[in-house]
Each structure stands twice: as structure tokens, then as C-alpha cells.
Amino acid sequence: MSIKGAGLRLAFEKNCIDVDIALLAGTVSLPSGAKASVKYRQILKSIETIGIVEPIIVTLDRDHPGRFLVLDGQMRLEALKDLGQTKAMCLISTDDEGYTYNKRVNGLSVIQAHKMILKAAEGGVSVAQLAEALDLSANTIRAKFKLLDGICPEAIVLLAEKPATSGLFKVLRQMKPLRQIDVAQTMVNLNTYSTRLAVALLRNSSPDQLIPEVAQRSADATPSEALKRLEQELAALQADTETLQDGFGPASLQLEIIKTHVGTALLNNAAVVRWLAKRRPDHLQQLQKLSEIRQLPS
């Protein structure tokens with residue numbers, strides 16, 4: 001569907017449609033054992049209990065008119081088949097089958113999942129049904145309801161689409177709103193959203209930046225307790241550093257091989273360069289930068 005006059009084209013149709021499952025063909029096969037995984041069981045129970053929430057992404061099959069190729073949602077499709085469903089809610093990609101939907105979107109964040117659970121509950125789905133659908137305990141579902149309690153709106157906006165952990169929000173809840181915003185912005189700048197980093201930033205907060213109970217607890221802590229916490233944090237940081245060091249050598253070798261292949265094979269192929277310049281100029285620019293690296297850091 002084109003947007004006339006703007007020189008732009010939507011990557012997807014605006015509305016979802018119901019498509020006969022018999023008309024859908026997967027572009028890849030599920031890995032062996034996928035149906036025995038916890039993820040597949042969650043998808044199966046979720047669809048069985050509350051229906052399909054996220055549509056299957058498809059594109060028209062050029063070789064078989066009237067049929068569709070599945071770009072994203074193969075596990076959802078298999079679950080629908082196992083449940084005996086005959087139709088699937090689909091969103092049609094207007095790009096060709098080379099369009100990889102998952103590369104254009106992030107996975108569902110903790111905040112987005114929280115909002116979906118709340119929306120389902122507001123729609124009449126019980127805690128027991130949600131627990132069964134998501135293969136979680138009822139207590140876990142109730143905890144998810146309260147995920148953002150005590151978190152200021154500005155921090156929520158900053159972290160809304162980020163891969164934050166549930167534990168991160170437990171730590172943020174111990175801070176006052178301005179400190180929550182400061183910590184959230186720091187994590188965005190560092191592109192790191194671990195609970196460990198949040199705890200470190202909490203420890204580095206002054207008492208007036210913390211909620212009264214936490215500030216009092218910090219003030220009451222003895223020097224030995226503070227030292228013990230510092231030792232634990234340093235030990236954790238050292239473990240992280242050792243993990244990075246262990247993976248640095250293989251990663252550097254892999255990058256050198258990729259760089260050589262890009263410079264000697266891909267960018268020396270005129271047809272590849274023309275295609276990239278026409279279809280993916282941003283990718284071509286990044287590949288050229290990669291090939292121009294003369295020396296990797298030691």
C-alpha cells in the first residue's frame with residue numbers, strides 16, 4: 001500500500017486479515033525439538049486460552065498466486081495447527097520475501113509484556129488463565145501486575161522498549177523519581193540494562209536520592225556491612241571482566257575473517273556492490289567501513 005506524494009511505502013498493510021492456514025507456507029523449518037521447548041508450550045497455552053495476540057507476518061508467494069509465505073511466526077502457526085485451527089490472523093508485508101520482520105522490531109520488552117498482561121486482565125482474563133497461558137505461577141502473574149508500581153512515568157518512557165529485566169524495576173523502586181530518571185538515562189547511554197548495574201548505581205546514590213526506608217537502612221549499615229557489599233560487587237565485576245577476556249580472542253579472530261571476506265570477496269564483486277548501492281546503501285557504507293579496518297585492537 002503506497003503513500004502517494006511522500007515517496008515512501010509502508011512495509012506492512014495497515015490491517016490484519018484472517019487467512020486460511022492451508023494457504024500459509026513456512027520459509028524455514030522449526031528446529032528439531034522446538035515443540036518440546038518451554039517457549040512452544042507457552043505459545044500453545046497462550047493461544048488456547050486467550051487466542052493469538054501477535055499476528056503472523058506473511059508476504060505474497062510470487063510462485064504460487066493466492067498463497068503466502070510466513071516471514072515471522074512459524075511457531076505460532078504450528079501451535080494453531082496443533083490446536084486444530086483453520087484460520088490465522090496475519091499481517092501482510094508489502095516488501096518482498098527477503099524482508100526479515102524480526103530485524104525491524106525488537107523482542108517484547110518487560111514493560112510491553114506487563115501492559116499486555118494488564119490489558120488481558122482488563123478484558124476479563126483471570127489470573128489463573130494467564131498463569132496457564134504463560135506457563136507461570138499465579139504469584140508471578142500478580143507480581144507482573146505490580147511491575148511498574150513506584151516507577152515514575154519518565155523512567156517508564158525511557159525503558160519502555162529496552163531489554164530491561166524485572167529485577168531492574170525492583171531496584172529503581174528504591175529511588176526517588178529524579179534518581180530513577182537519572183539511572184534510566186545512564187543505562188540508555190551505556191546500552192546496558194542489567195540488575196547488577198542498577199544495584200551499583202543504587203549504592204552510588206546519596207541518601208537524599210533514595211526513598212526514606214532505603215535511606216535509613218543505608219544509614220544504619222555498619223562499615224563492615226558496607227565493605228562486604230563492596231567486596232561482593234567487585235567480585236561480580238571481576239567475573240564479568242574474565243568472561244569478556246575469555247571471549248575476546250575468538251571474537252577478534254572471527255572479526256578478522258569476516259573483514260577479510262567482506263574486503264576481498266563481497267566488495268570486489270561489482271554486481272554485489274551495485275545491488276547494495278541500490279537496495280541497501282546503509283549496509284554498503286557499514287561494510288566499507290569494516291573493510292577499511294587496518295588493525296584490530298590487541
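Both backbone and side-chain heavy atoms feed into the values below; hydrogens, waters and symmetry mates do not. This chain uses plain numbering: 1 for the first residue, then up along the sequence.
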**OP:** Quick one: pull up CD1 in Ile117 and CD in Glu122 and give me the separation to the nearest 0.5 Å.
**Re:** 12.0 Å

**OP:** Under the side-chain contact (heavy atoms from CB on, under 4.5 Å) rule, what do Ile56 and Leu91 come out as? Steps first, then yes or no, please.
**Re:** CA-CA 6 Å; Ile56 295 171; Leu91 182 61; over 6 Å; no

Original post:
How would you list, by chain and number, every residue that makes a salt bridge (charged side-chain N to carboxylate O under 4.0 Å, His left out) with Asp20, sequence neighbours excluded?
Top reply: Lys87

**OP:** For the pair Gln286 (side chain) and His283 (backbone), establish whether a donor and an acceptor sit closer than 3.5 Å, ignoring hydrogens and angles.
**Re:** no

**OP:** Compare all side-chain heavy atoms of Met187 with those of Leu168 and state whether any distance is below 4.5 angstrom.
**Re:** yes

Original post:
Stepwise, does the side-chain contact (heavy atoms from CB on, under 4.5 Å) test hold for Leu77 with Leu24?
Top reply: CA-CA 9 Å; Leu77 176 59; Leu24 301 177; 3.7 Å; yes

Original post:
Shortest non-hydrogen contact from Val273 to Leu266?
Top reply: CG2-O, 4.1 Å

**OP:** Specify the closest pair of heavy atoms between Val262 and Ser291, including all atoms of both residues, with the distance to one decimal.
**Re:** CG1-CB, 4.4 Å

Original post:
Are side-chain heavy atoms of Val188 and Gln185 found at a separation under 4.5 Å?
Top reply: yes

Original post:
Got more than 12 heavy atoms from elsewhere within 6.0 Å of NZ, Lys176?
Top reply: yes

Subject >> Ala155 versus Ile151, closest heavy-atom pair with distance >> reply: CB-CG2, 4.1 Å

Original post:
Is the CD atom of Glu213 crowded by more than 12 outside heavy atoms at less than 6.0 Å?
Top reply: yes

**OP:** Report the distance from atom CG of Leu159 to atom CD1 of Ile156, rounding to the nearest 0.5 Å.
**Re:** 9.0 Å

**OP:** Mark yes or no for whether Asn204, through its side chain, and Ala200, through its backbone, hold a donor-acceptor pair below 3.5 Å.
**Re:** no

**OP:** Could you tell me the separation between the CG atom of Leu284 and the CZ atom of Arg279, rounded to the nearest 0.5 Å?
**Re:** 14.0 Å

Original post:
Under 4.0 Å between a Lys/Arg side-chain N and an Asp/Glu carboxylate O for Asp72 and Arg76?
Top reply: yes

**OP:** Give the intermediate values and the outcome of side-chain contact (heavy atoms from CB on, under 4.5 Å) for residues Leu172 and Leu202.
**Re:** CA-CA 8 Å; Leu172 285 179; Leu202 174 68; over 6 Å; no

**OP:** Grab the two heavy atoms, one from Leu267 and one from Leu287, that are nearest each other, plus how far apart they are.
**Re:** CD1-O, 3.9 Å

Subject >> Heavy-atom check, side chain of Thr59 versus side chain of Phe68, under 4.5 Å >> reply: no

Original post:
Do Val183 and Val157 sit in the same hydrophobic cluster, where Ile, Leu, Val, Met, Phe, Trp and Tyr count as joined when their side-chain heavy atoms come under 4.5 Å apart?
Top reply: no

Original post:
Would you say the side-chain atoms of Arg173 pair up with the backbone N or O of Asp149, donor to acceptor, closer than 3.5 Å?
Top reply: yes

Original post:
Minimum heavy-atom separation for Phe145 to Val127, with atom names?
Top reply: CE1-CG2, 3.7 Å

Subject >> Leu71 side chain near Val58 side chain, heavy-atom distance below 4.5 Å >> reply: no

Original post:
Atom CD1 of Ile43 and atom OG of Ser37: how far apart are they, to the nearest 0.5 Å?
Top reply: 7.5 Å

Original post:
Does Lys146 NZ have over 12 foreign heavy atoms under 6.0 Å away?
Top reply: no

Subject >> CD-CG distance between Gln288 and Leu276, expressed to the nearest 0.5 angstrom >> reply: 9.0 Å

**OP:** May I ask you to test the Ile17-Ile92 pair for a side-chain heavy-atom distance under 4.5 Å?
**Re:** yes

**OP:** Determine whether the side chains of Asn139 and Ser137 contain a donor N or O and an acceptor N or O closer than 3.5 Å.
**Re:** no

**OP:** Check each of Val214, Leu201, Leu197, Thr195 against Val171 using the side-chain contact (heavy atoms from CB on, under 4.5 Å) test, and report the only one that passes.
**Re:** Thr195

**OP:** Over all heavy atoms of both residues, which pair between Tyr40 and Met75 is shortest? Give the atoms and the distance, please.
**Re:** CB-CE, 3.4 Å

**OP:** Can you spot which of Asp18, Val19, Leu23 makes a side-chain contact (heavy atoms from CB on, under 4.5 Å) with Cys90?
**Re:** Val19

Subject >> Side-chain heavy-atom pair Tyr193, Thr165 within 4.5 angstrom cut-off >> reply: no

Original post:
Backbone N or O of Leu178 within a donor-acceptor pair of the Asp182 side chain at under 3.5 Å?
Top reply: no

**OP:** Would you check if the side chain of Gln180 reaches a backbone N or O of Cys152 as a donor-acceptor pair within less than 3.5 Å?
**Re:** yes

Original post:
Just wondering, more than 12 heavy atoms not from Lys35 lying within 6.0 Å of its NZ?
Top reply: yes

Original post:
Taking the side chain from Thr192 and the backbone from Leu190, do they hold a donor-acceptor pair closer than 3.5 Å?
Top reply: yes

Subject >> Gap between atom CG of Leu290 and atom NE2 of His261 - 0.5 Å precision >> reply: 11.0 Å

Subject >> Side chains of Leu210 and Gln174 in contact at under 4.5 Å (non-hydrogen atoms) >> reply: no

